[in-house]
Amino acid sequence: MHPREQTIFALSSGRPPSAIAVVRVSGAQAGPALEHIAGMIPAARVAKRVMLRDSFGEVIDDAIVLWFRAPASATGEDVAEFHVHGGRAVLHALFAALSSIDNVRAAEPGEFTRRAFENGKIDLTEAEGLDDLIHADTDRQRRQAVRQLQGLLGDRAREWRRQLIEASALIEAGIDFADEGDVPDGLLEPAMAKIGRLRREIEKTLAASAQSERLRDGLTVAIAGPPNAGKSTLLNRLARRDAAIVSPYAGTTRDVIEVHLDLDGYPVMLIDTAGIRETEDPVEREGVRRAMERAAAADLVLWLADVDGDGTDPLLPIGEGSVPVWRVRNKVDLLGSESDETKSGQLEAKPGQEAATKYFRISAARGDGVDGLVAELASFAGDWFGSGEMAGITRLRHRNILREAAASLAKAEKLKGQADELAAEELRASSQLMGRLLGRVDIEDILDSLFKDFCIGK
Ligand code: GDP
């Protein structure tokens with residue numbers, strides 16, 4: 001039997017041991033599997049408590065089972081769910097019992113979703129939304145994934161595609177039947193107006209998409225500066241866990257350490273880079289080179305330096321002004337308590353200092369001024385991600401397809417009146433692109449629409 005026709009099972013809940021574990025079975029053998037292990041098939045969509053047993057009659061667990069008959073299931077196939085106690089031994093016994101049934105096997109990664117897609121339960125953008133949802137770390141990412149899963153981009157693409165097919169049907173009718181007198185005149189104008197509207201709508205969606213992609217990928221903040229400035233200490237404080245090695249010896253953080261943070265729902269990746277300084281040590285020099293590279297590629301750099309330094313920052317060779325750099329003076333706790341210099345917090349830029357740069361004084365070790373820094377970071381993240389949350393383009397794939405479609409439509413607009421066949425060709429191309437966005441391509445749709453809308457009768 002072809003693997004795709006086999007029945008698959010998998011643990012659908014988290015890593016054992018857990019209080020409850022959900023094992024899903026999808027395919028033609030899901031019903032027989034229930035009969036085999038639970039001794040019965042419950043009414044569809046009604047939870048039933050039963051004793052599960054293996055083929056020797058040994059008890060596996062006291063469990064809840066559910067039955068979803070095809071096509072009214074997540075995958076579109078017959079689906080059985082076993083809700084068992086989430087111990088490894090229970091799962092092991094259940095998997096063994098399932099595997100002993102002919103044509104039942106463990107699922108490959110993503111196979112349930114793939115079947116749902118193949119059975120028309122979800123489109124490609126929804127499958128991508130599901131993938132994002134599973135991997136969402138922060139609340140805002142989750143909300144975006146849910147919107148995508150609800151098919152907002154998919155719905156939009158379907159609607160665009162429908163309109164494109166309609167417009168190309170109009171144009172093709174104009175071309176094919178122009179001399180036969182049974183297609184109304186003046187079809188082209190409304191079709192072209194429609195194309196212009198569509199193109200503008202797609203372009204607007206594209207323009208608003210940068211923030212969705214950003215939300216998916218997160219904001220990268222690099223902590224950079226000379227060795228021993230307290231970069232790892234700050235990272236640890238921000239991450240509230242021991243992700244980087246803090247040591248009193250210069251040059252320990254030779255490579256790059258990443259920590260993922262949730263800042264007000266915004267995903268932020270903090271990277272701790274090797275100390276940046278002139279050095280002869282080839283290993284350290286490589287670390288410095290990487291650190292500068294990573295910092296230059298970041299969206300924001302926190303440049304850390306000792307508060308008791310002489311104030312002239314050594315080396316700030318990052319990105320040549322392309323990345324915003326905030327200057328953070330660390331270790332205020334080391335200063336005496338008399339002068340203003342000991343105050344932590346954000347400082348006003350002095351005359352002559354760049355306005356885009358922010359100045360802070362903190363103690364990474366003691367925590368002074370760190371809350372203020374975090375608040376500024378959260379506000380930077382808010383601006384950077386944009387406040388509006390729109391459904392839609394969360395991947396390069398979406399963007400590329402929509403760009404191509406918009407370009408095709410622009411070409412079609414230019415060709416109108418002079419080369420209608422070429423214009424029609426461009427429309428066909430863009431509706432196929434929409435199909436690709438949804439994961440399906442069906443050229444027959446164009447012909448269907450053509451014949452459905454114009455009772456041509458030939
Ligand atoms: P890195 O090389 O920049 O990552 O610096 P580390 O985080 O490893 O810190 C270097 C040394 O400075 C360690 O001994 C830290 O304990 C110390 N340190 C870091 N931040 C502070 C601070 O705010 N105050 C004081 N007194 N010491 C600090």
Side-chain angles (χ1 to χ4, degrees), residues 220-261 268-319 323-347 357-377:
T220 307
V221 178
I223 304 180
N228 260 342
K231 299 180 293 299
S232 314
T233 310
L234 178 60
L235 180 97
N236 284 333
R237 180 159 286 277
L238 293 174
R240 288 191 205 89
R241 63 188 171 96
D242 291 335
I245 314 145
V246 182
S247 115
Y249 306 105
T252 12
T253 314
R254 287 233 170 101
D255 219 323
V256 175
I257 290 166
E258 298 178 356
V259 172
H260 296 261
L261 298 182
V268 174
M269 183 169 80
L270 266 183
I271 56 179
D272 177 16
T273 59
I276 294 176
R277 66 169 173 188
E278 306 277 10
T279 173
E280 291 304 314
D281 176 356
V283 180
E284 191 184 352
R285 206 150 58 196
E286 174 58 17
V288 169
R289 193 191 62 75
R290 275 194 230 170
M292 301 206 332
E293 204 174 87
R294 287 298 295 266
D299 303 302
L300 174 68
V301 173
L302 301 182
W303 182 267
L304 218 60
D306 269 22
V307 80
D308 57 358
D310 59 5
T312 57
D313 271 341
L315 301 165
L316 188 60
I318 294 158
V323 195
V325 177
W326 292 357
R327 287 167 182 267
V328 183
R329 292 232 174 272
N330 187 26
K331 310 189 187 175
V332 285
D333 56 294
L334 289 181
L335 299 173
S337 55
E338 289 83 39
S339 76
D340 271 1
E341 291 290 300
T342 62
K343 277 199 200 135
S344 64
Q346 194 180 346
L347 311 181
T357 305
K358 288 179 185 286
Y359 297 84
F360 298 88
R361 237 192 249 132
I362 64 165
S363 165
R366 223 166 53 181
D368 315 25
V370 172
D371 286 350
L373 179 62
V374 169
E376 281 303 308
L377 278 175

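Numbering of ligands and ligand atoms starts at 1, following listing order.
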**Request:** Could you tell me whether the side chain of Leu234 reaches within less than 4.5 Å of the side chain of Leu304, counting heavy atoms only?
**Result:** yes

**Item:** Contact check, side chains of Leu300 and Leu377, non-hydrogen atoms, under 4.5 Å
**Value:** yes

**Prompt:** For ligand 1, which atoms sit closer than 4.0 Å to a heavy atom of Lys231?
**Reply:** 1 (P), 2 (O), 3 (O), 4 (O), 5 (O), 7 (O)

**Request:** Provide the closest heavy-atom pair for Ala364 versus Gly230 in the form atom of the first, atom of the second, distance.
**Result:** CB-O, 4.2 Å

**Asked** When only distance counts, is Leu334 in polar contact with ligand 1, meaning an N/O pair under 3.5 Å?
**Response** no

**Request:** Please indicate whether any nitrogen or oxygen in Ala364 is less than 3.5 Å from any nitrogen or oxygen in ligand 1.
**Result:** yes

**Prompt:** Heavy atom under 4.0 Å from ligand 1: found in Asn228's side chain, backbone, both, or neither?
**Reply:** both

**Message:** Using a plain distance cutoff, I'd like to know if Ala365 has any nitrogen or oxygen under 3.5 Å from a nitrogen or oxygen of ligand 1.
**Reply:** yes

**Prompt:** Among Val332, Asp333, Asp306, Asn236, which one has a heavy atom closest to atom 26 (N) of ligand 1?
**Reply:** Asp333

**Asked** Is Lys231 salt-bridged to Asp272, cutoff N-O under 4.0 Å?
**Response** no

**Request:** Enter the distance from Thr233:OG1 to Arg366:CZ here, rounded to the nearest 0.5 Å.
**Result:** 14.0 Å

**Item:** Check: Lys331 N/O within less than 3.5 Å of ligand 1 N/O
**Value:** yes

**Prompt:** Out of Lys331, Arg329, Arg327, which residue meets the salt bridge (Lys or Arg N to Asp or Glu O under 4.0 Å) rule with Asp306?
**Reply:** Lys331

**Request:** State which residue, out of Val221, Leu302, Leu261, Leu270, fulfils the side-chain contact (heavy atoms from CB on, under 4.5 Å) condition with Leu235.
**Result:** Leu270

**Request:** May I ask you to check if ligand 1 and Asn330 share an N or O to N or O distance below 3.5 Å?
**Result:** yes

**Message:** Heavy-atom distances under 4.0 Å decide this one: backbone, side chain, both or neither, for Thr233 against ligand 1?
**Reply:** both

